[in-house]
Every structure is written in structure tokens, then in C-alpha cells.
Amino acid sequence: MSDEGTTRSGGAVLVTGAAGALGEAVLARLATTRRPVAALVRSVDDAATLRGGGVWATPVDLLDEAAVAAAVASATAEVGPIGDALLLAGGFAMAPAAETDLAALRRQWDLNVATAASVVRALLPVVAAAGGGTLVGVGAGQARRGGARATAYAAAKAALAAYLRAVDEEWAARGVRTVTVFPMGTLDTAANRRAMPDADPRAWIDPDVLAEVLLQALHLGPRGRWREVEVHPDAG
Ligand SMILES: NC(=O)c1ccc[n+]([C@@H]2O[C@H](COP(=O)([O-])OP(=O)(O)OC[C@H]3O[C@@H](n4cnc5c(N)ncnc54)[C@H](OP(=O)(O)O)[C@@H]3O)[C@@H](O)[C@H]2O)c1
């Protein structure tokens with residue numbers, strides 16, 4: 001698909017979790033689009049590293065609403081109006097229901113729902129003012145088909161998808177759409193290879209493929225679009 005004629009929104013793309021494994025793949029893909037990028041990362045060091053690579057980046061705790069609002073304002077001032085966002089920040093926790101206390105449940109909610117919701121809330125008027133755009137979240141297979149032994153994670157990712165669905169219903173008429181992309185398996189990242197040294201990474205999803213899908217979610221035309229997309233491993 002060419003970049004011309006298919007992107008409904010323009011302007012800059014805001015990326016959260018930009019210093020993560022998927023973030024690295026996404027930033028590499030975005031660099032080929034020539035769209036301005038605003039990267040939100042947690043640490044000062046990660047922001048400096050990305051800036052060294054020519055990406056506008058700022059450190060912010062996505063659970064700090066005031067800091068997120070300020071980061072979105074400085075991103076807009078520095079890279080231009082934000083048209084789309086790729087909400088990659090999140091994380092995994094393994095624990096069965098009997099070992100998941102409310103603190104663990106809330107931690108997963110914060111990590112996977114609140115980190116997106118804080119940015120969405122700050123961005124809604126910004127993206128609408130830019131003429132509309134798409135906010136893309138990352139779900140997980142556990143939210144689609146059952147997440148035994150990852151109870152809190154499954155619940156949080158399902159909640160993220162429901163949250164984004166509700167935002168879409170509220171804001172689509174003002175041009176702001178949402179998409180949830182569900183990786184239906186493990187990503188082939190260095191962290192996962194370290195954590196599961198005996199697993200076969202060929203059965204995992206290539207982060208570059210997922211990054212491509214995330215960018216495609218921004219490109220679909222106004223008469224047909226994705227709302228929720230599953231990306232499966234391809235065992236070949
Ligand atoms: N990896 C997988 O196998 C897999 C599978 C399915 C879905 N996913 C989802 O895909 C997304 C990306 O995964 P990934 O493998 O790239 O994870 P990752 O490498 O851990 O990256 C996630 C990023 O989110 C950032 N983050 C988390 N909480 C934050 C906060 N409060 N403020 C600012 N930044 C925050 C993290 O920063 P810090 O490093 O500083 O904490 C990290 O850079 C996540 O939503 C994940 O749940 C991953």
C-alpha cells in the first residue's frame with residue numbers, strides 16, 4: 001500500500017513505550033514514512049538515546065496525568081500537530097487467579113490500561129483538532145481466548161480493548177478512531193528469548209511484522225477500516 005491517498009490523518013505520530021522491544025521495531029518502520037514522530041519513554045536515558053538517533057523523545061511516567069498532558073503539549077510544539085498514536089506501553093505478569101491479589105490486579109490495570117488511557121485523554125482534543133486520526137492499542141492473545149496463569153494480564157488487556165472500543169464510539173464522529181491489535185502469541189524479543197531459553201522462537205511473532213500491522217492500522221481509508229485485528233504466529 002502506498003503512503004499516498006490512504007492515510008486519513010496526517011501530522012505527527014506519537015508513540016508510547018517507544019524504548020521497548022516493539023517500540024524499536026515501530027520506530028524503524030516509522031522512519032521510512034517520513035512522518036514526524038514524538039516518542040514517550042519512561043527514562044531520561046532512553047529519551048537521550050532516542051534523541052541521539054534523531055527521534056524527538058521525552059521522558060514521562062504515563063501514570064502521571066499532568067506530566068502526560070505536558071508531554072503531549074511539548075510534543076505538539078516540537079514536532080507539530082499529532083494525528084495518530086501507537087500506544088505500545090504495557091507489560092506482562094504471570095500468575096494464576098489464586099495467586100493474584102488485588103494489588104497485582106491493579107498493577108496490571110495501571111500498566112496496560114492506565115498507561116494508554118492517560119495518553120488517550122490528553123490526545124483526544126489534539127487529534128480531533130488536527131482533523132482526526134487513529135489511536136492504536138496493543139492487546140494480547142490472553143484477552144481473546146483465555147489467559148490461564150496470566151489472570152490479571154488477560155483482564156487488563158481485555159479492559160484496554162473495551163476502553164478503546166468505547167472511545168471509538170464516543171469520538172469517531174469527530175474523526176478520532178481507535179484500533180486494538182492483538183498479538184496472538186509471544187513476540188520474538190531479546191527479553192522473551194532470555195526468559196524462555198528452551199522455547200523455539202520460530203513459533204513466536206516477529207516484532208517487525210507486528211510493527212507493520214500497527215502502521216497499516218493508520219492507513220485504512222474512510223470507507224473500510226479495522227477496529228480489532230489479530231496477528232498470529234506463522235509456524236511456516
Ligand atoms: N512481548 C510480548 O511477547 C508481547 C505479547 C503480546 C503483547 N505484548 C504487548 O506489546 C506491547 C509492547 O511489548 P514489548 O515487548 O515491547 O514490551 P517492553 O519491551 O517491556 O516495552 C514496554 C515499554 O512500556 C514502557 N512503560 C511501561 N509503563 C510505563 C509508564 N508508566 N510510563 C512510561 N513508560 C512505561 C516501558 O518502560 P520501562 O522499560 O522503563 O518500564 C517499556 O519501555 C505491550 O503493551 C505488551 O503488553 C507484548
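All values derive from a computational prediction rather than experimental measurement. One-based numbering along the sequence shown. Remember, it's 1-based here, ligands and their atoms both numbered in the order they're listed.
- Taking atom 21 (O) of ligand 1 as the reference point, the nearest protein heavy-atom neighbour is Gly20 CA, 3.4 Å.
- Evaluated by nearest non-hydrogen atom to atom 20 (O) of ligand 1, the leading choice among Gly17, Gly90, Ala89 is Gly90.
- Between Leu123 and Ala85, the shortest heavy-atom distance links the atoms CD1-CB, 3.5 Å.
- To the nearest 0.5 angstrom, Arg193 atom CZ is 4.0 Å from Asp188 atom CG.
- At the top of the distance list for atom 5 (C) of ligand 1, counting protein heavy atoms only, stands Gly185 O, 3.7 Å.
- Using a 4.0 Å cutoff on heavy atoms, Tyr153 counts as a contact of ligand 1.
- A distance of 6.5 Å separates CG of Leu210 from CD1 of Ile205, quoted to the nearest 0.5 Å.
- Atoms of ligand 1 lying under 4.0 Å from any heavy atom of Thr186, numbered from 1 in the order shown and given with element: 3 (O).
- Arg194 and Thr189 share no side-chain donor-acceptor pair at under 3.5 Å.
- Atom 31 (N) of ligand 1 has its closest protein heavy atom at Asp61 OD1, 3.0 Å.
- Residue Gly139 places a heavy atom less than 4.0 Å from ligand 1.
- Per-atom contact check: atom 17 (O) of ligand 1 does not touch the protein, criterion being a heavy-atom distance below 4.0 Å.
- Distances from atom 37 (O) of ligand 1 to the heavy atoms of Lys157, Gln142, Arg42 put Arg42 nearest.
- Listed for the Thr100 side chain is no donor-acceptor partner under 3.5 Å among the backbone atoms of Leu105.
- Screening Arg227, Glu169, Arg165, Glu228 against Thr178 for a side chain to side chain donor-acceptor pair (under 3.5 Å) leaves a single residue, Arg227.
- In this structure, CG in Leu214 is found 11.0 Å from NE2 in His219, a value given to the nearest 0.5 Å.
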**Request:** Show your working on side-chain contact (heavy atoms from CB on, under 4.5 Å) between Gln216 and Trp226 and close with a plain yes or no.
**Result:** CA-CA 9 Å; Gln216 287 292 337; Trp226 296 342; 3.6 Å; yes
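- By the 4.0 Å heavy-atom criterion, Pro183 is counted among the residues contacting ligand 1.
- In terms of protein heavy-atom proximity, atom 13 (O) of ligand 1 is closest to Leu22 CB, 4.3 Å.
- Of the listed residues (Leu111, Asn112, Leu187), the one carrying the non-hydrogen atom nearest atom 3 (O) of ligand 1 is Leu187.
- Ranking protein heavy atoms by distance to atom 1 (N) of ligand 1, first place goes to Asn192 ND2, 3.5 Å.
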**Message:** Applying side-chain hydrogen bond (donor to acceptor under 3.5 Å, both in side chains) to Ser43 and Asp46, what does each step give before you reach the verdict?
**Reply:** CA-CA 5 Å; Ser43 81; Asp46 284 338; 3.3 Å; yes
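- For the residues Asp110, Val138, Val60, the heavy atom positioned nearest atom 10 (O) of ligand 1 is part of Val138.
- Judged by the 6.0 Å distance and 45° axis criteria, Arg106 is not positioned over the aromatic ring of Trp109.
- Ranking protein heavy atoms by distance to atom 19 (O) of ligand 1, first place goes to Ala21 N, 3.0 Å.
- Protein heavy atom in closest approach to atom 11 (C) of ligand 1: Leu88 O, 3.1 Å.
- Taking atom 32 (N) of ligand 1 as the reference point, the nearest protein heavy-atom neighbour is Leu62 N, 3.0 Å.
- With values rounded to the nearest 0.5 angstrom, Arg42 atom CZ is found 12.5 Å from Leu40 atom CG.
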